[in-house]
Amino acid sequence: PSEGTSMSSYGSGPLSLDVLSLTTSIPQSLAIASPLSPRMLSLMDYYDKFICPVLVAFDGPSNPYRMHIIQLAMQNEELQNAIAALATNNMRMRGGLEGKRLSAPEDYRLVPQHAYSQMTTRELREMHGQATSEEKHYKTQSIALLNRKLVDINGSQDDSVLATLLILCLFHVCDSGFTKFKTQLA
């Protein structure tokens, strides 16, 4: 495949360089006429290709995180910002994970995945760095817009409210570690 094209219609190809050639989960008519910035479109594309596949047991076009959440996000700014926060957080966390080595520089093995489940939030932050200003902006904006929507009786009953809360919970799990999230649910 040539550079700048997607290998698959549901998230298994390289990230497209052309923001208008997003996967089929973001309707082309909405992407072309969308008031979304190229950055927001690219973060939605990242969510589609790199986050959605790991949220379900078997990925495909009917993945609800792709099929429903992205559709809702095209019309809801608070959900767009939550997805953008999750995507930028995931990019930061993946960058730290790939660079972390076990001990000496000549040891090229990565830290085993199960080791991360025992890390504290502080240890995760030391490993992956602090949240970027972009990540913080999207999270703050999403929460502010969500709070504004919850005040309105009609807005509070919109499906996007539940979707935004779900994505913000996923953000929190990714940002603080799953063991911390289990404790907070108790």
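- For the pair Q157 and I153, the minimum side-chain heavy-atom distance is below 4.5 Å.
- L170 is not listed as a side-chain neighbour of I51, based on a closest heavy-atom distance of 4.5 Å or more.
- Side chains of S160 and K149: a donor-acceptor N/O pair is present below 3.5 angstrom, by distance only.
- Of all heavy-atom pairs between M93 and C174, the closest is CE-O, 3.3 Å.
- A single hydrophobic cluster is not seen to contain both L165 and I70; linkage of ILVMFWY side chains at heavy-atom distances under 4.5 Å, directly or through other members, places them apart.
- Panel note: side chain D45, backbone L41; no donor-acceptor pair is recorded below 3.5 Å.
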Quiz item: Would E134 and L43 count as a side-chain contact (heavy atoms from CB on, under 4.5 Å) if you check the C-alpha gap in whole Å, the side-chain angles of each, and the deciding distance to 0.1 Å?
Solution: CA-CA 12 Å; E134 182 183 31; L43 291 171; 4.2 Å; yes
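- Between R92 and D175 a salt bridge is recorded (basic side-chain N to carboxylate O distance below 4.0 Å).
- Between T164 and N76, every side-chain heavy-atom pair lies at or beyond the 4.5 Å cut-off.
- Counting only distance, with no hydrogens or angles, the side chain of N63 and the backbone of C52 share a donor-acceptor pair below 3.5 Å.
- Within the 4.5 Å cutoff, the side chain of E77 has heavy atoms near those of the Q141 side chain.
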Quiz item: Are R148 and E78 close enough, and set up right, to give a side-chain contact (heavy atoms from CB on, under 4.5 Å), and what steps lead you there?
Solution: CA-CA 10 Å; R148 195 174 316 148; E78 67 277 2; over 6 Å; no
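- A continuous path of Ile, Leu, Val, Met, Phe, Trp and Tyr side chains, each step under 4.5 Å between heavy atoms, connects F171 with V56, placing both in one hydrophobic cluster.
- Annotation for F50 and R94: closest pair O-NH2, 3.2 Å, computed over non-hydrogen atoms.
- Within the 4.5 Å cutoff, side-chain heavy atoms of L86 are placed close to those of Y47.
- Taking all atoms of both residues into account, the shortest heavy-atom contact from D59 to R66 is OD1-NH1, 2.8 Å.
- Considering all non-hydrogen atoms of both residues, A84 and M40 come closest at CB-SD, 3.8 Å.
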Exercise. Check the pair L166, Y65 against side-chain contact (heavy atoms from CB on, under 4.5 Å), reporting the backbone distance first and the verdict last.
Key: CA-CA 10 Å; L166 174 64; Y65 289 95; 3.6 Å; yes
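- Looking at heavy atoms from C-beta onward, K139 lies out of side-chain contact with T88 at the 4.5 angstrom threshold.
- Placement of L168 and L72 in two distinct hydrophobic clusters is found when ILVMFWY residues are connected by side-chain heavy-atom separations under 4.5 Å, directly or transitively.
- Note that CG of D159 is 12.5 Å distant from CD of Q75, once rounded to the nearest 0.5 Å.
- Residues I69 and L79 meet the side-chain proximity criterion, which asks for heavy atoms closer than 4.5 Å.
- Between M74 and L36, some side-chain heavy-atom pair lies under the 4.5 Å cut-off.
- What you find for T132 and E135 is that their closest heavy atoms are OG1-N, 3.0 Å.
- Partner S156 forms a side chain to side chain contact (heavy atoms under 4.5 Å, CB included) with one of V151, L146, L150 and no other, that one being L150.
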